[in-house]
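Counting starts at 1 for both ligands and their atoms, following the listed order. Starting from 1, each residue takes its place in the sequence as its number. Small disclaimer: the values here were computed from a predicted structure and weren't measured.
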Amino acid sequence: MFQGSFLAQTLAGKTTLGLPFYLPHGANVQIMDEGVIRFGPRDPQSSPLHLVISCGVHGNETAPVELVERLIAALLSGELKPRARVMFVLGNVAALRAGTRFVQQDMNRLFCRIPEASDDDESRRATMLEMHLMRFFSRAIQDDKPRLHYDLHTAIHGSQIEKFAIYPRPNEGQNFQPAAVARLARGGVSAVLLQTSTAPTFSYFSSRHCGATAFTVELGRAAPFGQNAALDLSQMEAHLRALIGGEVPMDDSAPASMQVFRVSREIIKRSEAFELFIDAKTDNFTPLIQGQPLARDGDQTWTVDEVGARIIFPNPDVAVGQRAGLVIVPTESYAR
Ligand SMILES: O=C(O)CCC(=O)N[C@@H](CCC(=O)O)C(=O)O
Ligand SMILES: [Zn+2]
């Protein structure tokens, strides 16, 4: 089943789907789809955690894909033994082959939508990935074990804080969980952005529809395959290995060093007349000055109203209807 690495086989279009089987050291494994592989212990009932680790939702963000490939290889060799149920997802295989963020549409803007007969390949792939996560996490409904989804990215932008995460709002009746933020700190993440609005992103989907504690995790600067040596992912790799091995940290509060922000506003591009008054090369977390003009779109203008605001993902070249940036502000509160 594995001639060469799972990543190499996937990129070569040689995925072989199959029934679940046991590896010599007892782990259960199944290739569910192109770029989707699931591992678990011989006795799934003993799993302390249901974990999805996704990467490559954007095809130019390769460091997390190389990290996932190392984890899959360690599991296949028996060097890493799964106690958690874990499913790995290489999101946008076509874009990974092309080395581009996407082929036709940004896949991370295609979740939580109603499928249509006219859907393009990326829309169909997003829908298939939703089905894989619904099925994987449906097993979790039978027990009260934690459901966790890390969607690993790297960023087009430089950043004043290298490793950070976007935390989609939990469902009604739930608050953001400091313990979940504390786990991220163990993976080397230094800031978390609490997102209180809906979003068409993979992590928002698994939070909203799978009841998972989900994050988009930005691990550094995007670079092509083989050019990620300068990016240190060792702490995140150790954290993911511990989770896969069934070590679920029980910290109940995030370290004081973790910076917590709330997404105050999304700047949405409403027409081709849109202008962003912040250079698209501006680093993430660059401070904004209260009263400073942000953007104009026809007769609508945005200025910085917030105190202590910073910019995230400034990008005027997004498609109409998509966000051209996030305005964040510091917060002490984890309330939803
Ligand atoms: O660097 C950038 O401009 C974008 C990096 C990236 O792909 N970020 C994700 C964030 C997803 C989220 O908000 O949860 C994205 O834009 O899809
Ligand atoms: Zn990305």
Protein heavy atom at shortest distance from [atom]:
{"atom": "atom 1 (O) of ligand 1", "value": "Ile156 N, 2.8 Å"}
{"atom": "atom 14 (O) of ligand 1", "value": "Thr216 OG1, 2.7 Å"}
{"atom": "atom 3 (O) of ligand 1", "value": "His157 ND1, 2.9 Å"}

Quick one: report the N, O or S atom of His153 that is nearest to the Zn ion (ligand 2).
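For His153, the N/O/S atom sitting closest to the Zn ion (ligand 2) is ND1.
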
Nearest to the Zn ion (ligand 2) - the N/O/S atom of His58, by atom name
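For His58, the N/O/S atom sitting closest to the Zn ion (ligand 2) is ND1.
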
Enumerate the atoms of ligand 1 whose separation from the nearest heavy atom of [X] is less than 4.0 angstrom.
{"X": "Asn108", "result": "11 (C), 15 (C), 17 (O)"}
{"X": "Glu61", "result": "7 (O)"}
{"X": "Arg323", "result": "10 (C), 11 (C), 12 (C), 13 (O), 15 (C), 16 (O)"}

For atom 6 (C) of ligand 1, the option (of Met107, Gln195, Glu218) bearing the nearest heavy atom:
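Going through Met107, Gln195, Glu218 one by one, Glu218 has the nearest heavy atom to atom 6 (C) of ligand 1.
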
Judged on heavy-atom distance to atom 16 (O) of ligand 1, which of Arg109, His153, His58 sits nearest?
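Heavy atom nearest to atom 16 (O) of ligand 1 belongs to Arg109.
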
Side-chain donor-acceptor pair under 3.5 Å between [X] and [Y], yes or no?
{"X": "Asp305", "Y": "Thr303", "result": "yes"}
{"X": "Thr62", "Y": "Asn228", "result": "yes"}
{"X": "Asn92", "Y": "His58", "result": "no"}

Below the 3.5 angstrom mark, is there an N/O of Asn284, backbone or side chain, next to an N/O of ligand 1?
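No, no N or O pair falls under 3.5 Å.
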
Mind checking whether Phe6 and Phe88 have ring centres under 6.0 Å apart?
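For Phe6 and Phe88, the ring centres are not under 6.0 Å apart.
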
Is the gap between the ring centers of Phe164 and His153 under 6.0 Å?
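No, too far apart.
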
Counting only heavy atoms from other residues, nucleotides and ligands, does the tally under 6.0 Å from CZ of Arg336 exceed 12?
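Enclosed: over 12 neighbouring heavy atoms sit under 6.0 Å from CZ of Arg336.
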
Locate the shortest heavy-atom distance separating Leu129 from Val89; write the atom from each residue and the value.
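Closest approach of Leu129 to Val89, heavy atoms only: CD2-CG1, 3.7 Å.
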
On the 0 to 90° scale, with breaks at 30° and 60°, tag the Phe136-His50 ring pair as parallel, tilted or perpendicular.
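Answer is perpendicular, since the angle exceeds 60°.
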
The Zn ion (ligand 2) to Glu218: any N/O/S contact under 2.8 Å?
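So Glu218 does not count as coordinating the Zn ion (ligand 2).
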
